[in-house]
Amino acid sequence: MAQITENTLSEVHDTVYSFFIEECEVEESQLNDNTNIITDIEGDSLMFLELIEIFKKKYNLNIELKTIGKYIVKHPVETIGQLIEMTMLIIKHENNIVNLD
Amino acid sequence: MFTGCGIDIEETARFERFISPYCKEVNSLIYDVFSGREILNYCGATALQRFTAGYCCKEAFIKALGGGENTADIDLRDIELIFASDDLSKFSVELSGSAHNIIQERNLMLSETSLESSNEYIIFKIVINDIR
């Protein structure tokens, strides 16, 4: 389980925003936490997987993709804000994220 | 009666960041998405096209089942696209573990699988039907 510090949220925020700016070829001004990843910036599943992998490496996380899949069924991740929120939960709880409710 | 159709299209260039030529270096994401058997099957001269096709196959399968809660328990590595030769047209889709279980529990079968490729894109289609 990674150590969550005061900087973790801003690190996650910056990583997610930078990723989508580059991958979706958009300006930062076009993004906010309510941006719909698919409909607004044409994000897709491969980008999602790659982001997860980035965070797994960065925070040395023990999390399986299908655990994330189960979490998303109950807590849809459609916006950048929801993605950041989920990422913070993963960093804090890793595979136990599926048991949260 | 159930009929599901899943189609996925991906640009092969997107996978260049995950696999170096001849798989000398492989991103850790590959190990989360592809089985060991697939990785061995794909690494070679046409690795980029094969990994792209493999990913398209998995996405198409998930889509054919409707995604969401229907497929939340599926491990992507349990959906394997295996090529019989260097020819991309000769392949089989093999299901194991979580993917096999969901098909069996719901009495379904893969009635159609197809792969189309160009220099830049791979398209994979899966149709799933009731067995009865």
Side-chain angles (χ1 to χ4, degrees), chain A residues 2 15-16 18-26 36-39 41-78 82-83 86-87 89-91 93-101, chain B residues 6-19 25-35 38 48 51-79 95-102 120-124 126:
Chain A
T15 301
V16 169
S18 297
F19 180 84
F20 284 121
I21 286 167
E22 184 171 339
E23 292 305 310
C24 300
E25 296 179 336
V26 294
N36 188 297
I37 295 167
I38 294 175
T39 60
I41 57 175
E42 297 182 356
D44 61 20
S45 60
L46 190 56
M47 291 181 194
F48 180 81
L49 291 179
E50 191 175 356
L51 253 181
I52 294 296
E53 207 62 32
I54 289 170
F55 287 119
K56 280 178 72 173
K57 272 189 193 165
K58 187 175 176 68
Y59 297 104
N60 196 27
L61 299 175
N62 178 23
I63 182 78
E64 294 183 11
L65 289 182
K66 65 177 180 177
T67 302
I68 297 174
K70 287 180 188 177
Y71 175 84
I72 287 174
V73 167
K74 292 183 183 176
H75 308 90
V77 174
E78 296 171 345
Q82 288 169 335
L83 176 59
M86 182 193 72
T87 304
L89 286 173
I90 290 172
I91 292 170
H93 299 285
E94 294 181 312
N95 275 318
N96 288 326
I97 189 176
V98 74
N99 298 320
L100 299 176
D101 258 324
Chain B
I7 298 174
D8 194 64
I9 177 170
E10 301 289 347
E11 188 179 5
T12 53
R14 292 186 68 190
F15 284 78
E16 286 176 351
R17 69 179 65 181
F18 305 124
I19 317 136
E25 285 179 23
V26 173
N27 186 287
S28 55
L29 170 65
I30 295 294
Y31 297 105
D32 280 344
V33 175
F34 297 93
S35 69
E38 284 179 305
L48 202 57
F51 276 101
T52 307
Y55 185 79
C56 283
C57 173
K58 296 165 196 290
E59 284 285 298
F61 180 82
I62 299 291
K63 288 177 181 178
L65 285 175
E69 201 161 351
N70 291 326
T71 54
D73 284 330
I74 294 178
D75 187 323
L76 293 178
R77 291 165 295 194
D78 289 343
I79 309 159
L95 306 178
S96 61
S98 57
H100 177 261
N101 290 344
I102 193 170
E120 294 178 345
Y121 293 94
I122 300 281
I123 301 174
F124 205 95
I126 288 181

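Quick note on labels: first sequence line is chain A, next is B, and so on, each numbered from 1.
Within the 4.5 angstrom heavy-atom criterion, atoms from both the backbone and the side chain of Leu46(A) approach chain B. Interface remark: Glu23(A) contributes side-chain atoms only to the contact with chain B (heavy atom separation under 4.5 Å). With a 4.5 Å cut-off on non-hydrogen atoms, Leu49(A) touches chain B through its backbone and its side chain both. The part of Ile74(B) that comes within reach of chain A is its backbone (N, CA, C, O), which places non-hydrogen atoms under 4.5 angstrom from that chain. In this structure, chain A has a heavy atom under 4.5 Å from the side chain of Asn27(B), while its backbone stays farther away.
Of the possible polar contacts, none joining the Thr12(B) side chain to the Tyr121(B) backbone as a donor-acceptor pair under 3.5 Å is found.
For the 3.5 Å distance criterion, the side chains of Ser98(B) and Asp78(B) qualify, holding a donor opposite an acceptor. Side-chain contact check for Glu10(B) and Thr52(B): no donor-acceptor pair (N or O, by modelled atom type) lies under 3.5 Å.
The candidate with the highest count of non-hydrogen atom pairs below 4.5 Å against chain B, out of Lys70(A), Lys57(A), Glu50(A), is Glu50(A).
Shown here for Cys24(A) and Ile41(A), the closest heavy-atom pair between the two residues is SG-O, 3.2 Å.
You'll find the ring centres of Phe18(B) and Phe51(B) outside the 6.0 Å limit.
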